[in-house]
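Treat the numbers as computed from the prediction; the structure is a model and nothing was measured.
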Amino acid sequence: MNAICRFGALVAMLCVPAAMAQRFDAMRPPASQPPAEAVGVDASRLAVMTMDGPAGHRYRIQVATIGQAPPDGYPVLYLLDGNASMAALKAADQAPLLRGGVLLVAVGYDTDACFDTTARALDYTPPRRDGQPALDPRVPGRHGGGADAFLDFLQQRVMPRMAAEWPVDAHRQGIWGHSYGGLLALHALYTRPGLFAFHAAASPALGWQAPLMDEEAGAFIAGAHRANARLLLMAGGAERPADASSMIPAQSLAGRLRGVPGLQVDWRLFPGLSHGEAFSASLGPAIRSFLDGPG
């Protein structure tokens, strides 16, 4: 992948005003990870493959093996927006080594851009509960609601391929996503129990098709089942609503979900960081949290 990504594509997916979007250089790479928590990978040791998936999308899968496989196999963390997330990890190749082995699977699109805004808007957003088309009101003609088809692709094709090519621990699988990717991580938690043991949602775009995500959370909370999963919710401090007395939506969600039996919920705030800056800042904490726990 071209190391210089079209950062302007990030802006288009971050739900920011159009006037603000004009301030960004379309070729600028993602922000660097904060050094204290950065995780890096050696670009020379990546395995790269392409796969065709739902809606005619072609995916670029970049796989980084870090450390030796534990006796039960590598725990596997799937990273959404894989072109950009792997670019941020490669840029931090001098970061301190992680303790323990892990397989990082960055699932992106077969393009040199960091983000395919049209494809991710479809793949990462849940369908409407009333069956109506999930159209993006900010971008005429851009469709959403394809999260279930994308999760099918991960579950039925990507995950079996990883298990066929590397020794993996089927009980230690996780997913990280930012913004719309954070919605996908939450939708997987709510609707696919057991698919992932760890879910990291950074700055999830909880207002998308409101009150859809609130309804999904409510149905999950009301369900008579034990979650047996971990959830890490994160956001930037600059995402706080204009009303300073209000909580960041992701923080409020963390409080709602803490009562779900079997679900461990952690909350992390990145002081002063914006929605976009939380993308890279959340990678290291998510990877370390994944490795530090049982799932």
Side-chain angles (χ1 to χ4, degrees), residues 66 69-80 98-105 107 124-127 129 147-163 166-178 181-204 206 212-235 249-268 282-295:
I66 298 179
D72 292 330
Y74 282 110
V76 185
L77 183 61
Y78 291 87
L79 307 175
L80 302 178
L98 287 172
R99 297 192 307 271
V102 65
L103 203 68
L104 300 177
V105 181
V107 182
Y124 298 167
T125 57
R129 295 169 70 86
D148 290 329
F150 181 72
L151 286 172
D152 286 343
F153 170 68
L154 288 181
Q155 183 174 8
Q156 298 169 14
R157 299 193 50 210
V158 179
M159 296 171 82
R161 183 159 180 182
M162 297 303 106
W166 286 273
V168 305
D169 186 344
H171 301 291
R172 296 189 67 194
Q173 309 271 313
I175 186 169
W176 167 92
H178 172 269
L183 294 188
L184 193 283
L186 289 170
H187 184 65
L189 171 67
Y190 297 155
T191 65
R192 306 230 177 173
L195 180 58
F196 299 107
F198 174 83
H199 306 72
S203 303
L206 295 173
L212 174 61
M213 296 310 297
D214 185 64
E215 293 172 349
E216 281 206 353
F220 175 70
I221 293 168
H225 61 268
R226 197 174 164 83
N228 292 320
R230 291 191 296 134
L231 171 64
L232 173 61
L233 280 161
M234 299 170 281
Q251 183 180 10
S252 178
L253 177 62
R256 287 185 69 194
L257 295 174
R258 283 199 171 105
V260 175
L263 180 65
Q264 177 185 323
V265 180
D266 293 306
W267 161 248
R268 176 71 187 272
S282 66
L283 279 167
I287 294 168
R288 288 189 168 86
S289 179
F290 174 60
L291 283 174
D292 288 345

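Listed by chain and residue number, nothing satisfies the side chain to side chain donor-acceptor pair (under 3.5 Å) test with Arg288 (two or more places apart in sequence, or in another chain). Applying the side-chain contact (heavy atoms from CB on, under 4.5 Å) criterion to Pro160, with sequence neighbours excluded, gives no partner residue. Every side-chain contact (heavy atoms from CB on, under 4.5 Å) that Asp72 has, sequence neighbours left out, goes to Asp169. With sequence neighbours left out, the salt bridge (charged side-chain N to carboxylate O under 4.0 Å, His left out) criterion links Arg99 to no other residue. Arg258 pairs by the salt bridge (charged side-chain N to carboxylate O under 4.0 Å, His left out) definition with nothing, not counting sequence neighbours. Judged as a salt bridge (charged side-chain N to carboxylate O under 4.0 Å, His left out), and not counting sequence neighbours, Arg157 has no contacts. For Ala163, the side-chain contact (heavy atoms from CB on, under 4.5 Å) criterion is met by Val168, not counting sequence neighbours. Evaluation of the salt bridge (charged side-chain N to carboxylate O under 4.0 Å, His left out) rule for Asp214 yields Arg256 as partners, not counting sequence neighbours. A search for ring pair (Phe, Tyr, Trp, His ring centres under 6.0 Å) contacts involving Phe150 returns Tyr59, Tyr124, not counting sequence neighbours.
Remark: Leu184 CG to Ile175 CD1 distance equals 5.0 Å, nearest 0.5 Å. Between Leu183 atom CG and Leu212 atom CG the span is 8.5 Å, to the nearest 0.5 Å. A distance of 10.0 Å separates OG of Ser289 from CZ of Arg268, quoted to the nearest 0.5 Å. Interatomic distance, CG of Leu104 versus CG of Leu79, reported as 5.5 Å (0.5 Å rounding).
Shown here for Ala235 and Ala250, the closest heavy-atom pair between the two residues is CB-CB, 4.5 Å. In this structure, Gly182 and Ala201 approach most closely via the heavy-atom pair O-CB, 3.7 Å. In terms of heavy atoms, Ala185 sits closest to His199 at O-CD2, 3.3 Å. The minimum heavy-atom distance between Ala254 and Trp267, with the atom names listed, is CB-CB, 4.2 Å. Pro204 and Leu233 get closest at one heavy-atom pair: CG-CD2, 4.1 Å. Considering every non-hydrogen atom in both Pro75 and Leu291, the closest pair reads CG-CD2, 4.0 Å.
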Side-chain atoms of residues 186-193: list all donor-acceptor pairs with protein atoms under 3.5 Å, sequence neighbours left out, distances to 0.1 Å.
residue: His187; atom: ND1; partner: Glu216; partner atom: OE1; Å: 3.0
residue: His187; atom: ND1; partner: Glu216; partner atom: OE2; Å: 2.8
residue: His187; atom: NE2; partner: Asp148; partner atom: OD1; Å: 2.8
residue: Thr191; atom: OG1; partner: His187; partner atom: O; Å: 2.6
residue: Arg192; atom: NH1; partner: Asp152; partner atom: OD1; Å: 2.8
residue: Arg192; atom: NH1; partner: Gln155; partner atom: OE1; Å: 3.1
residue: Arg192; atom: NH2; partner: Asp148; partner atom: O; Å: 3.1
residue: Arg192; atom: NH2; partner: Asp152; partner atom: OD1; Å: 2.9

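With Met159 as the partner, the side-chain contact (heavy atoms from CB on, under 4.5 Å) test is satisfied by one option alone out of Val76, Val105, Leu195: Leu195.
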Worked verdict on Phe290 versus Trp176 for side chain to side chain contact (heavy atoms under 4.5 Å, CB included): CA-CA 10 Å; Phe290 174 60; Trp176 167 92; over 6 Å; no
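Proximity of a side-chain donor or acceptor of Arg172 to a complementary backbone N or O of Gly293 within less than 3.5 Å is detected.
Counting heavy atoms from C-beta outward, Phe198 and Leu232 have side chains that approach closer than 4.5 Å.
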